[in-house]
Amino acid sequence: MSRGKAWALRLAGIAVFVLAWEIAGRIFGDALFAPFSAVIAGFPATVRDYHLFAELAGSLRQLLLGYLLGCIVGIVLGIMMGRSALLDGLLQPWVSMMFVTSIASLVPLFIITFGFGLMFRVAIVFMAAVWYVLLVTYHGARSVSPDLLQTARAFESSRVQTFFKVMLPALYPYILVGMRIGLAHAIRAMVIAEMYVIVGFGGVVYNAGVEISTVSLLGALLTIMLVGVALNEALKWFAQRTAPWYSERQQLSN
Amino acid sequence: MRASLTRPLVLYPVSIVLGLGVWEALARVIPKALFAPPSAVLGRLAAMTADGSLPAALLGSVQHMLVGYLLAVLLAIPVGIIVGRSTAIATAVEPILNAVYAIPPVAFAPFFVIWFGLYFEARVALVFAMCFFEILINVLQGVRNIDRGLLDAARSLDLTGFALYRKVVIPAASPFIFTGLRVGIGRAVNAMITAELFFSAVYLGQMLKTSSNAFDIASTFAVILVVSLFGLACQEAMRLAERFVIPWHHESTA
């Protein structure tokens, strides 16, 4: 399929979706499912009434803190576990356990531990992101070709040199994939935590949700959708720019 | 010698004992109102099992989790196969799928309250929303990745219609379908407890809320542990089912 045809199909797909939304909205009405046109027309009011952008920016700042902490810990632990059979065996059962732990189930506990403030939201986002980053980095670290490492040893490169010149470049694509999956989960966790205690962007979703009209609720959902897609595409673009050898085919599904 | 000491069979029990030791030691330092030692958690777990409250809650929770999951499976597999078989449809649907997938599922919770109320139907809807896309994406990928040679061979044998799907498409895509089923059931367990916390608090969600409101950390930990172990067990059951149904596919990736 040519690029032009593919783009035409994508645009057609979006057009059909928006049209279906509009028709469904007209049938069900604002109270059940507002039509696309009403959501767009009501969007400026949503932004004003709920301080949508200010709340979103505040939430994303806190998200960034927890997410970056999660990335750092996940990358370091992932490499350590991937390269040491001892650490792997010692940490694996606990990591598997934390990996399946539902973020929502941690919310009541973390409220007791951290209160309702910054620490709480940072901790929740951290817990959502860290295990995905760790797991993908771990698989990357395990799959670094022994040939590469032996070649490095043959050239008498030091351990530090081998780490920075061989290991890290080989791991880089994995780290970026892990960070991308981690980000999606960080955003989900942020909304879960914020909707539970009704603050920030999640608070906006909650408050818009109890209104009679669904115009604001859909506006908020549309906004977080665009933010999620934009951040994901930005990370993808960054990956392609900085690691051209990285191919999307390696994409590890979560 | 060293290699035999780092085998999972040796290390995993060591890991669990060590981890419990660290946990117990931490609990001696951290105030009782914030943290509970594993001995207390196990004690609560035994007590809650003995008086029947925990098994009863789990049994209640499983209902909406299973209904939501089965609905998602029954819809995602045929939709994924139909969309995946046509390059044009798959291209047109892809941006919409990515966009909707970027919305945190819990943000749909206000909608489910509007449409379905606060009880069983709303919980089923959230479970459905949280695992449907996960399964769909994997099925789609599986169908898209079918070897062209396989399809050409089927065509030269005049295999068409239902037989083509039953004999070629579904078996060829089944490793991906099973990945979707496995990841999906993990999500369903997550969604199960999320729904119980976000709609009217029932079953395990209610136990979690009551115990955390009473600052009963040991019971809170116990419920979180049960949900995590249940999620792990469901995923392992799926892995076993996969080995049983498609023994030719030796899974190498996690």
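Here is how names work: the chains are called A, B, and so on, in the same order as the sequence lines, proteins then strands, and each is numbered from 1.
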Q: Please state whether the side chain, the backbone, both or neither of Ala6(A) comes within less than 4.5 Å of a heavy atom of chain B.
A: both
Q. Rounded to the nearest 0.5 Å, how far does OG of Ser105(A) lie from CD1 of Ile224(B)?
A. 4.5 Å
Q.
Using 0.5 Å steps for rounding, measure from the OH atom of Tyr12(B) to the CD atom of Gln92(A).
A. 4.5 Å
Q. Near Trp7(A) CH2, under 6.0 Å, is it more than 12 heavy atoms from other residues, nucleotides or ligands?
A. no
Q | Largest heavy-atom contact set with chain B, pairs under 4.5 Å, which of Leu32(A), Thr113(A), Val229(A) | A | Leu32(A)
Q. Heavy-atom distance under 4.5 Å to chain B: side chain of Ala189(A), backbone, both or neither?
A. neither
Q. Just how far is it from atom CD1 of Ile192(A) to atom CG of Leu197(B), taken to the nearest 0.5 Å?
A. 9.5 Å
Q | Distance, nearest 0.5 Å, that separates CH2 of Trp94(A) from CG of Leu18(B) | A | 10.0 Å
Q) Which heavy atom in Ala107(B) sits nearest to a heavy atom in Val191(A), and how many Å separate them? A) CB-CG1, 4.2 Å
Q. Distance from Ser212(B) atom OG to Ile111(A) atom CD1, nearest 0.5 Å?
A. 7.5 Å
Q | Heavy-atom closest contact (Val100(A) atom, Ser228(B) atom, distance) | A | CG2-O, 3.6 Å
Q: Check the surroundings of atom OH in Tyr206(A): do more than 12 heavy atoms from other residues, nucleotides or ligands lie under 6.0 Å from it?
A: no
Q.
Show, in sequence, the C-alpha distance, side-chain angles and deciding distance for Val93(B) and Phe17(A), and conclude whether the side-chain contact (heavy atoms from CB on, under 4.5 Å) test is met.
A. CA-CA 9 Å; Val93(B) 164; Phe17(A) 179 78; over 6 Å; no
Q | Engaged part of Leu221(A) at the chain B interface, taking heavy atoms whose separation is under 4.5 Å | A | both
Q) Quick one: is the NZ or CZ of Arg188(A) closer than 6.0 Å to the six-membered ring centre of Tyr101(B), and within 45° of its axis? A) yes
Q: Considering only heavy atoms and a distance below 4.5 Å, find which of Ala88(B), Gly186(B), Ala191(B) pairs most often with chain A.
A: Ala88(B)
Q: Describe, in one word, how the ring planes of Trp115(B) and Phe33(A) are oriented to each other, choosing from parallel (under 30°), tilted (30 to 60°) and perpendicular (over 60°).
A: tilted
Q. CG of Leu11(B) to CG of Leu91(A): how many Å apart, nearest 0.5 Å?
A. 10.0 Å
Q: Could you check which of Ile187(A), Ile112(A), Val205(A), Asn232(A) has the highest count of heavy-atom pairs closer than 4.5 Å to chain B?
A: Ile112(A)
Q. Ser15(B) and side-chain contact (heavy atoms from CB on, under 4.5 Å): which partner among Asp88(A), Leu90(A), Leu87(A)?
A. Leu90(A)
Q: State, to 0.1 Å, how close Met97(A) and Leu225(B) come at their nearest heavy-atom pair, and which atoms those are.
A: CE-CD1, 3.5 Å
